[in-house]
Structures are given as structure tokens and as C-alpha cells.
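Residues take their numbers from the sequence shown, with the count starting at 1.
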Amino acid sequence: GWVQGHREVFETLQLPEYQPPAANDQPKRIRRHELWGKRPRRKKVDFLATQTQYVDHLAPIWYALPQEWRGIFYVPLRIMDYARQKDIQPRELSILDKTRTTQGGNVANQRRHVRMNEDDALMVVCAYSDVQYAHRAGRKSVYCEHGTGQSFGGRTNPTNPGGIGTGRDNVVLYIVPNEHAAQRNLAAYPQVPNAVIGCPKLDEWHKCLPKKRRHGKKPVIAISFHWDRKTIPEARSAWDHFESALPALAADPQWEIIGHGHPIEMDRYAERYQKLGIEPVYDFEEVMERADVYVNDCSSTLYEFASTDRP
């Protein structure tokens with residue numbers, strides 16, 4: 001329901017306010033929509049998601065928008081099938097075929113290859129890297145926070161709420177999960193509104209009854225690791241610290257272990273899980289469906305799982 005609550009914000013972003021002409025203004029041509037009392041055609045809102053987890057966060061917002069507001073949902077080729085599974089008909093953004101592109105460097109040199117709409121439609125994104133893509137394509141953006149508002153590194157880290165970085169000057173609305181993230185953004189960009197809406201991708205889970213373990217079944221324990229983000233010590237992977245404990249956990253007959261990880265490094269984790277006799281599970285929605293307990297080092301998924309009243 002957040003779209004209804006912030007309809008006025010989107011109206012303002014889509015159409016400029018009417019400014020009455022000054023007395024000394026020269027007469028201007030009357031256009032048909034003015035003569036007939038009709039409004040100009042609304043520009044649609046485009047979306048951009050370069051990772052599967054961004055699709056998860058943006059899809060509920062896409063669905064909540066009125067049909068006539070939906071523009072193009074851009075994704076790289078490697079996740080187009082994933083987007084289609086979410087009932088989205090995406091358009092390929094051809095330069096994003098790599099699993100991950102480092103900040104700066106080759107991204108900055110590829111502006112001429114960005115293939116989006118030729119107009120200046122608003123673009124909804126879910127990561128700072130995608131804010132940069134929208135900025136280089138000449139787009140204003142709505143930035144939806146895909147974490148829980150973690151602020152490791154303060155303002156020096158542009159990926160955090162309230163961070164300072166290229167492209168953030170083109171953000172016209174922040175969609176955030178909590179007041180902490182909103183206040184950090186407002187401290188850095190007081191002119192940009194913040195919509196505090198929680199985590200839309202959890203709406204369907206919160207409509208369900210809490211998951212209960214069936215009598216006589218082993219508890220399912222999901223173990224998950226973040227990607228090894230070396231630029232932020234608090235967000236690095238704890239795999240190397242706990243790998244030695246996994247074989248004993250996997251061999252214990254009291255429970256069933258499944259292994260998950262951040263999408264950026266899940267292929268690497270999956271290979272290691274298999275060697276340890278642990279079933280790898282790529283999709284976090286499957287983790288939400290199966291797990292009774294979720295163990296994680298540093299990820300917003302930890303709080304997402306906990307919000308369903310499970311440890």
C-alpha cells in the first residue's frame with residue numbers, strides 16, 4: 001500500500017508543477033491538451049536490477065504501481081530468466097553480463113554502451129552501483145534500500161544510507177526500511193524525501209502463519225555467509241573462520257543442514273558445501289520455506305528471517 005500513501009510524491013516527480021505566466025510574458029502557442037483540458041501524457045517509471053536480490057526487492061514495488069505507470073524493467077542477460085519467474089517481462093541491459101562490476105574503472109568507461117530508453121523517465125533502483133548506472137544514462141532515480149539500513153563506514157561509504165557518492169545528487173526519492181536509514185539520508189541530502197515502508201519483499205511472508213516444525217521431523221538449519229566485501233571489514237565473509245566447524249554440523253544426525261550464501265559468491269560456496277555433504281540452496285525464498293533456524297554472519301537476510309518469528 002505504500003504507492004497509495006506516496007502517490008503525491010510520485011505525481012510531483014512525474015509532472016512539474018504548473019507555473020502561472022507572468023503579466024509581461026509573451027503569448028505562447030496553445031497546445032491541444034490545454035485546449036481540451038487534458039493533461040500531458042505521463043512518463044512511465046522504469047526499473048533497473050543488476051542482481052537477483054535486487055529483483056526480489058523491486059518486484060513488489062513494480063507490482064504495486066498502476067499498470068499505466070510501469071515502464072521497462074531492465075536486467076542483465078544472466079538474470080532475465082530469474083526476472084521472468086517473478087512474472088516480469090524484462091528488457092536486457094547488455095553491458096551487465098558480468099556477475100559483478102567493480103566500482104569505477106570499466107563501468108565509467110562504458111557510458112556509451114548503456115542502452116536504456118532515450119527519454120528521461122524516472123528509474124527505480126536498489127543499489128548504489130545501479131544509481132551510478134542510472135546517473136550515467138542521464139536518469140533521475142528512486143533509490144530503494146535493499147538492506148536493513150546498515151551504516152558501516154559512515155558517510156565515506158557511498159553504498160550506505162547517508163553515504164556521499166557519484167549519482168546520489170540525481171536521487172529524487174529514497175525508499176527505506178526504517179527511520180534510522182531515513183535520518184541518515186536526510187542528514188546528507190535534506191532536500192530529498194524518504195518513504196519509510198519496511199521491506200516490501202516480506203509482505204507475502206508476513207501474511208502467512210508462522211512456520212512450525214512438523215512433529216517427528218528433524219529441524220532444518222540453514223547456514224549462510226555474506227560475500228567477502230573487503231572494503232567494509234564488518235561486511236566480510238566469516239567462511240574462513242567457521243569452515244572447520246561445518247563437517248561436524250553436517251554429520252550430526254539431530255538435524256538437517258542446508259547451505260546458503262550471498263548471490264555474488266554463492267557459486268563458490270555451493271562447491272564447498274557439496275564437498276562437505278551439505279545441500280546448497282541458492283534461492284533465499286526456499287530457505288524461508290524450509291528452514292527452522294537461520295545462521296548468518298552479516299546480511300539483511302538475517303533480520304528478514306527473524307521477522308517471521310523464527311530464530
Spacing of D169 atom CG and Q191 atom CD [to the nearest 0.5 Å]: 7.5 Å
Could you tell me whether the side chain of K44 and the main chain of A121 form a donor-acceptor pair under 3.5 Å? no
Rounded to the nearest 0.5 Å, what separation is found between the CD atom of Q51 and the OG atom of S129? 7.5 Å
Expected output: side-chain D46 to main-chain I72 donor-acceptor under 3.5 Å: yes
Would you tell me whether R268 and S237 have side-chain atoms, one donor and one acceptor, within less than 3.5 Å of each other? no
For a 4.5 angstrom cut-off between non-hydrogen side-chain atoms, does R70 reach I88? no
Closest heavy-atom contact between I175 and I61? CD1-CD1, 4.1 Å
Report yes if the side chains of C199 and H57 come closer than 4.5 Å at any heavy-atom pair, otherwise no. yes
Do any N or O atoms from the side chain of N178 and from the backbone of T148 form a donor-acceptor pair under 3.5 angstrom? yes
Closest heavy-atom pair, A181 versus N194, reported as atoms and distance to 0.1 Å, is O-OD1, 4.4 Å
How are the rings of Y143 and Y174 set relative to one another: parallel (under 30°), tilted (30 to 60°) or perpendicular (over 60°)? tilted
Mind checking whether Y282 and M288 sit in one hydrophobic cluster, side chains of I, L, V, M, F, W, Y counted as touching below 4.5 Å? no
Are side-chain heavy atoms of R272 and W239 found at a separation under 4.5 Å? yes
For a 4.5 angstrom cut-off between non-hydrogen side-chain atoms, does L48 reach R139? no
Minimum heavy-atom distance between Q254 and P219, given as atom pair plus value: O-CD, 3.4 Å
Consider only side-chain heavy atoms of I, L, V, M, F, W and Y, link residues closer than 4.5 Å, and tell whether I257 and V287 are in one cluster. no
Name of the residue among E304, E285, E145 meeting salt bridge (charged side-chain N to carboxylate O under 4.0 Å, His left out) with K201: E304
Interatomic spacing from CG in L276 to CD in E243 - rounded to 0.5 Å: 6.5 Å
When the aromatic ring centroids of W227 and Y269 are compared, is their separation below 6.0 Å? no
Result for ring-ring contact (aromatic ring centres under 6.0 Å, His included) between W62 and one of W69, F47, Y54, Y74 points to F47
For T301 and S299 the tightest heavy-atom approach is OG1-OG, 2.8 Å
To the nearest 0.5 angstrom, please state how far the NZ atom of K218 sits from the CG atom of D252. 8.5 Å
Working note: F73 + L58, criterion side-chain contact (heavy atoms from CB on, under 4.5 Å); need CA distance, chi angles, decisive distance, verdict. CA-CA 10 Å; F73 203 119; L58 292 181; 4.1 Å; yes
Backbone of C126 reached by a side-chain donor or acceptor of H146 within 3.5 Å: yes
Separation between CZ (R84) and CD (Q89), nearest 0.5 Å, reads 6.5 Å
Would T308 and R310 count as a side chain to side chain donor-acceptor pair (under 3.5 Å) if you check the C-alpha gap in whole Å, the side-chain angles of each, and the deciding distance to 0.1 Å? CA-CA 6 Å; T308 63; R310 287 177 285 179; 3.0 Å; yes
Please examine the side chains of H206 and S307, heavy atoms only from C-beta on, and report whether any two atoms are closer than 4.5 Å. yes
Donor-acceptor under 3.5 Å (R78 side chain, T50 main chain): yes
The test is side-chain contact (heavy atoms from CB on, under 4.5 Å); show your working for Y128 and T166 and say whether it passes. CA-CA 9 Å; Y128 175 63; T166 302; 3.9 Å; yes
Rounded to the nearest 0.5 Å, what separates atom OH in Y303 from atom CD in Q150? 6.5 Å
May I ask you to check whether over 12 heavy atoms, not counting those of Y189, lie within 6.0 Å of atom OH? yes
H260 side-chain N/O to V281 backbone N/O, donor-acceptor pair under 3.5 Å: yes
Is the shortest side-chain heavy-atom distance between Y273 and I258 below 4.5 Å? no
Could you tell me whether a side-chain N or O of D292 sits under 3.5 Å from a main-chain N or O of V220, the two making a donor and an acceptor? yes
When clusters are formed by joining ILVMFWY residues with side-chain heavy atoms under 4.5 Å apart, either directly or through shared neighbours, do V124 and L65 land in the same one? yes
Which pair of heavy atoms, one from V171 and one from V131, lies closest together, and at what distance? CG2-CG1, 4.1 Å
Do the side chains of S151 and H180 get nearer than 4.5 Å, heavy atoms only? yes
Could you tell me which non-hydrogen atom of P158 sits nearest to which non-hydrogen atom of I164, and how far apart they are? CB-O, 3.4 Å
Would you kindly say whether H135 and N170 are connected by a side-chain donor-acceptor distance under 3.5 Å? yes
Output yes when a side-chain donor or acceptor of D130 lies under 3.5 Å from a complementary backbone atom of V125, and no otherwise. no
Does V293 belong to the same Ile/Leu/Val/Met/Phe/Trp/Tyr cluster as W205, with side-chain heavy atoms less than 4.5 Å apart forming each link? no
Between K230 and D228, is there a side-chain N and carboxylate O pair less than 4.0 Å apart? yes
Take E279 and R290, measure what salt bridge (Lys or Arg N to Asp or Glu O under 4.0 Å) needs, and give me the verdict at the end. CA-CA 12 Å; E279 177 191 354; R290 295 174 57 185; 2.9 Å; yes
Can V176 be reached from V192 by stepping across I, L, V, M, F, W or Y side chains whose heavy atoms are under 4.5 Å apart? yes
